[in-house]
Amino acid sequence: MASSRLFEAYPPFPVDVPTAILPKISLDKLSSGSEAEANELFHACRTKGFFLLDLQNEPAGDGLLRDIEALFAITREVMDLSLEEKTEYKQHPPLLGYKAAGIMKNEKGQPDRCEFFNVGQDDIRGNIPRRANPKPVQDNRETFMSFMDNASRVLFRIFGILEAQLGLPTGTLAALHRQDQPSGTVVRMIRYPPQTPRDHGSSLLNHTDYGTITMLCNVLGGLQILPPGASNEDSNWQYVKPQPNCVIVNLGDALVEWTGDILRSNEHRVIAAPGKQAEHARFSVAFLVRPERKVSMKRLVGGKIPTAAEDGKEELSVSADEWELKKAVALIAGADCARSKGGRELRTTNVPVKVG
Ligand SMILES: O=C(O)CCC(=O)C(=O)O
Ligand SMILES: [Fe+2]
């Protein structure tokens, strides 16, 4: 997640809890063109759908680390506002603003324990008329802008690697995520209350993210992933250990859809932070990258991506916003939409890219 300073305020992550082994990819090495690092990133995107990204010693990464630190302080300020004030910014479509704890349910039908506030890229970049936001957001719009700028530089670096590895023309993914076009991309500030050992059930229900990519900034543990092939039983879930100067990156369902199931979106959830960490309120900042609203969710054509025809599948002819709405409704209804997806083999030969 973020700089080591943020970690020093809390008890350490315990050594005796089941912890996922995730590769730690260096942004600096990716930016210097390391093929080995790019291969490792791609492998993680296909097999786990999650990796740690070390942001140090790379200009956008170092900038992002500073922005993350500032955003953690802003998140605290926003969450410390009274429930009454936060409720003034209650979410209604397009899902910007405040969601109180308990609005969603966990797997046991208990109220969720996660409150969050979504700040839209569209709002910050002026793609829509400026929204009303609480003072800690309005006073810090430049911090949100800087965060989105730096995070997007990192995002486009990752896109470039995915495009190259998939054999797609450079810029294919970037063209679906132009920053001056309306999208559901948000910075999500999250707070989970401290928990007592008597609290059972998850704080945030198991799910996959339905967008493109998520960059998650965590300091305390509590995030868990279900390893590939494992069934949804408590004993199978593994913690993701947050690490200083790193963000946790996970892929969303849109990338699985566009790549005909090559890339993987993995199931995750949030439970109480492990050990003594549970006594503290847990804050997260997530950059949830979603496609431009009007782009097609049809499978991308070219490179190592099997065609829908080869798979005998009908093309999905919906736009990203229609697709997201369906996913959001299913999630609220508790429909079975949480399962990990993707991770199949690549085509061994390239699909020729159509010209004209
Ligand atoms: O708070 C976290 O660590 C995870 C949040 C998450 O999974 C989400 O917002 O989609
Ligand atoms: Fe998530």
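Order of appearance sets the numbers: ligands from 1, and atoms from 1 within every ligand. Numbers here are sequence positions counted from 1.
Of all N/O/S atoms in D209, OD1 sits nearest the Fe ion (ligand 2). Of all N/O/S atoms in H268, NE2 sits nearest the Fe ion (ligand 2). Taking the Fe ion (ligand 2) as reference, H207 places its N/O/S atom NE2 nearest.
Residue T214 does not touch ligand 1, judged by heavy-atom distances below 4.0 Å. In A286, neither the side chain nor the backbone holds a heavy atom less than 4.0 Å from any atom of ligand 1.
Between E257 and K341 there is no salt bridge, since no side-chain nitrogen of the basic residue lies less than 4.0 Å from a carboxylate oxygen of the acidic one. In this structure, K99 does not pair ionically with E115, as no charged nitrogen and carboxylate oxygen lie closer than 4.0 Å. Salt-bridge formation is not detected for the pair E322/R293: no Lys NZ or Arg NE/NH1/NH2 atom is positioned less than 4.0 Å from an Asp or Glu carboxylate oxygen.
For atom 9 (O) of ligand 1, the closest non-hydrogen atom on the protein side is R188 NH1, 2.9 Å. Closest to atom 3 (O) of ligand 1, if we only count protein heavy atoms, is R282 NH2, 3.0 Å. Taking atom 4 (C) of ligand 1 as the reference point, the nearest protein heavy-atom neighbour is V270 CG2, 3.6 Å.
In summary, the side chains of Q165 and N39 do present a donor paired with an acceptor at a separation below 3.5 Å, with no hydrogens or angles considered.
Side-chain contact between L288 and T212 is absent, with no heavy atoms from C-beta onward closer than 4.5 Å.
Close approach to I190 involves these atoms of ligand 1, each under 4.0 Å from a residue heavy atom: 1 (O), 5 (C), 9 (O). Shown in contact with S284 at under 4.0 Å from a heavy atom are these atoms of ligand 1, numbered in order with element: 1 (O), 2 (C), 3 (O). Distances below 4.0 Å separate heavy atoms of L204 from the following atoms of ligand 1: 5 (C), 6 (C), 7 (O). Here is the list of ligand 1 atoms found below 4.0 Å of a heavy atom in Y192: 1 (O), 2 (C), 4 (C), 5 (C). Within ligand 1, counting atoms from 1 as listed, the ones closer than 4.0 Å to a heavy atom of H268 are 7 (O).
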Between D253 and R290, is the salt bridge (charged side-chain N to carboxylate O under 4.0 Å, His left out) condition met? List the steps. CA-CA 10 Å; D253 300 340; R290 309 231 170 90; over 6 Å; no
Could you give me the CA-CA distance, side-chain angles and deciding distance for K294 and D321, then say whether salt bridge (charged side-chain N to carboxylate O under 4.0 Å, His left out) is met? CA-CA 7 Å; K294 292 297 160 216; D321 56 353; 2.8 Å; yes
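Taking the six-membered ring where the residue is Trp, F147 and F287 present perpendicular rings, their angle passing 60° and hence far from 30°.
Each of D234, D209, D112 was checked for a salt bridge (Lys or Arg N to Asp or Glu O under 4.0 Å) with R269, and the lone residue meeting it is D234.
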